[in-house]
Amino acid sequence: MCTDNRITRRAALKRMGAAMIGGAVASSGLFSLASCRGKKNKRIIFYFTGTGNCLYIARQLADDGTELLSIPQMVRHGKYNFEANEIGIVYPVYGHMPPYMVRQFIQTAKLKADYKFAVLTYGARKCNSVEIWDEISQRGGHVFDYIGTIVMVDNWLPNFDMNKQMKMDKRIPENLQKITADISGRRRWHEPVTEEERRQHQGFMRRSGLDPEVGFLMKSEKCFIVTDACIDCGICTYVCPRGNYELASRGVQMSGDCEFCFACIQNCPQKAIQFRRSEDGSFPDGTEKNPNARYRNEHISLMDLKLANNQKL
Ligand SMILES: Cc1cc2nc3c(=O)[nH]c(=O)nc-3n(C[C@H](O)[C@H](O)[C@H](O)COP(=O)(O)O)c2cc1C
Ligand code: SF4
Ligand code: SF4
């Protein structure tokens, strides 16, 4: 048996680092995933979030035995096999479609559950997002028993002033209560879609030129710039679900496939991240409604968002 309890300073720091990472992983849901292997959970809820709305909704739909799991973390760690009595997913609609990473996840994941539900958050116009999810998830071999939507603050900076959005009463508690009751009663229901909503979506796809198989997958270096206002605080390096930002000796560098989730631009304390104007005016053209207004869900802290999206763990 080793009786020498002395450790070097280097070893102590290494242990401390491991403990901190352990704590962070536990709060982001990864620890509980590891600890529950082989055990059947009551409910698992997966979420993707840029500005906290979906994390808030996922938390509100969680009961005592629920595991909340961040999709960017699951994708990063290659975790795709899950079993529970009930499995849910909460994501923001982007052009009425799921974020690219959510598509990737659902097309790879094996989800075994008696009841599957999806709650899609949106800000102004949901169109046929319910049907789009039904179709994409079925292609991945999943049948969702319940697909509903809930209107939240619209974080789409090109068209909306965040200050005005935050003042609007979108009846979130009432709508949430209805969804919670539906899910608790294991309601089998897909929110109806009108012909007009399908037409609106088709019109949007024509105008935007987006690929329906991809949606909003962009290149961050083509969409954003970092100005001299940057103070190297590093927040963007934690909140980006794709880990596109890095603190380098020349300041913050950014590149890579981008979900266009706005976690970076909305959470920069200096408003140093700005849209890059597109040279030919193509969508999205880089203009925005109010560059001085930024948004994060009032119930979600910066630390919550860092733990949800951090790609360094
Ligand atoms: C790229 C992008 C596209 C969006 N497209 C739509 C849309 O088509 N319809 C809509 O009502 N809201 C749209 N929104 C608003 C978000 O769906 C909504 O604010 C959502 O609740 C944000 O969730 P989060 O805070 O978890 O990221 C879009 C937001 C972004 C960033
Ligand atoms: S969040 Fe803003 S200020 Fe902080 S490092 Fe990133 S760009 Fe700079
Ligand atoms: S670069 Fe910004 S918008 Fe793109 S994925 Fe990262 S946080 Fe989201």
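Just so it is clear, the model here is predicted, and its values are computed rather than measured. Just so you know, ligand 1 is whichever comes first in the structure, and atom 1 is the first atom listed for that ligand.
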Ignoring water, what protein N, O or S atoms are under 2.8 Å from atom 6 (Fe) of ligand 2?
->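 Under 2.8 Å from atom 6 (Fe) of ligand 2 - ignoring waters, which are not counted - the protein N, O or S atoms are Cys236 SG.
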Against heavy atoms of [X], which atoms of ligand 1 measure under 4.0 Å?
| X | result |
| --- | --- |
| Phe260 | 1 (C), 31 (C) |
| Thr51 | 24 (P), 25 (O), 27 (O) |
| Thr49 | 24 (P), 25 (O), 26 (O), 27 (O) |
| Gly50 | 24 (P), 26 (O), 27 (O) |
| Phe262 | 31 (C) |
| Asn53 | 19 (O), 20 (C), 21 (O), 22 (C), 23 (O), 24 (P), 25 (O), 26 (O) |
| Trp156 | 1 (C), 2 (C), 3 (C), 30 (C) |
| Arg125 | 7 (C), 9 (N), 10 (C), 11 (O) |

Non-hydrogen atom of Asn297 closer than 4.0 Å to ligand 1 |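 No; Asn297 lies far enough from ligand 1 that no heavy-atom distance drops under 4.0 Å.
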Numbered atoms and elements of ligand 3 in range of Cys258, under 4.0 angstrom, heavy atoms =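 Contacts of ligand 3 toward Cys258, numbered from 1: 1 (S), 3 (S), 4 (Fe), 5 (S).
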Checking a contact table here: which protein heavy atom is nearest [atom], and how many Å away?
| atom | result |
| --- | --- |
| atom 6 (Fe) of ligand 3 | Cys240 SG, 2.3 Å |
| atom 8 (Fe) of ligand 3 | Cys261 SG, 2.4 Å |
| atom 5 (S) of ligand 3 | Glu259 N, 3.3 Å |

May I ask you to say whether Lys178 pairs ionically with Glu174, meaning some side-chain N is under 4.0 Å from a carboxylate O?
->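 So Lys178 does not pair with Glu174 through a salt bridge.
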Could you grab the distance from atom CZ of Arg296 to atom CG of Asn155, nearest 0.5 Å is fine?
->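 It comes to 13.0 Å.
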What is the minimum heavy-atom distance between Asp257 and Arg242, and which atoms define it?
->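 Shortest heavy-atom contact: O-CD, 2.8 Å.
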Ile231: numbered ligand 2 atoms lying under 4.0 Å from its heavy atoms =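 Listed by number with element, the hits are 3 (S), 8 (Fe).
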For ligand 3, note which part of Phe224 has a heavy atom under 4.0 Å away: side chain, backbone, both or neither.
->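 The part of Phe224 near ligand 3 is the side chain, not the backbone.
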State which residue, out of Tyr146, Tyr122, Phe117, Tyr91, fulfils the ring-ring contact (aromatic ring centres under 6.0 Å, His included) condition with Trp133.
->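 Considering Tyr146, Tyr122, Phe117, Tyr91, a ring-ring contact (aromatic ring centres under 6.0 Å, His included) with Trp133 is found only for Tyr91.
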In this structure, which one of Phe262, Tyr100, Trp156 forms a ring-ring contact (aromatic ring centres under 6.0 Å, His included) with Phe216?
->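 The residue from Phe262, Tyr100, Trp156 that satisfies ring-ring contact (aromatic ring centres under 6.0 Å, His included) with Phe216 turns out to be Trp156.
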With only distance considered, is [X] within less than 3.5 Å of ligand 1 through an N or O on each side?
| X | value |
| --- | --- |
| Asn155 | yes |
| Phe216 | no |
| His96 | yes |
| Gly123 | yes |
| Leu55 | no |
| Cys261 | no |
| Lys126 | no |
| Gly52 | yes |

Of the choices Ala124, Pro92, Ala58, which has the non-hydrogen atom that lies closest to atom 11 (O) of ligand 1?
->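 Minimum heavy-atom distance to atom 11 (O) of ligand 1 goes to Ala124.
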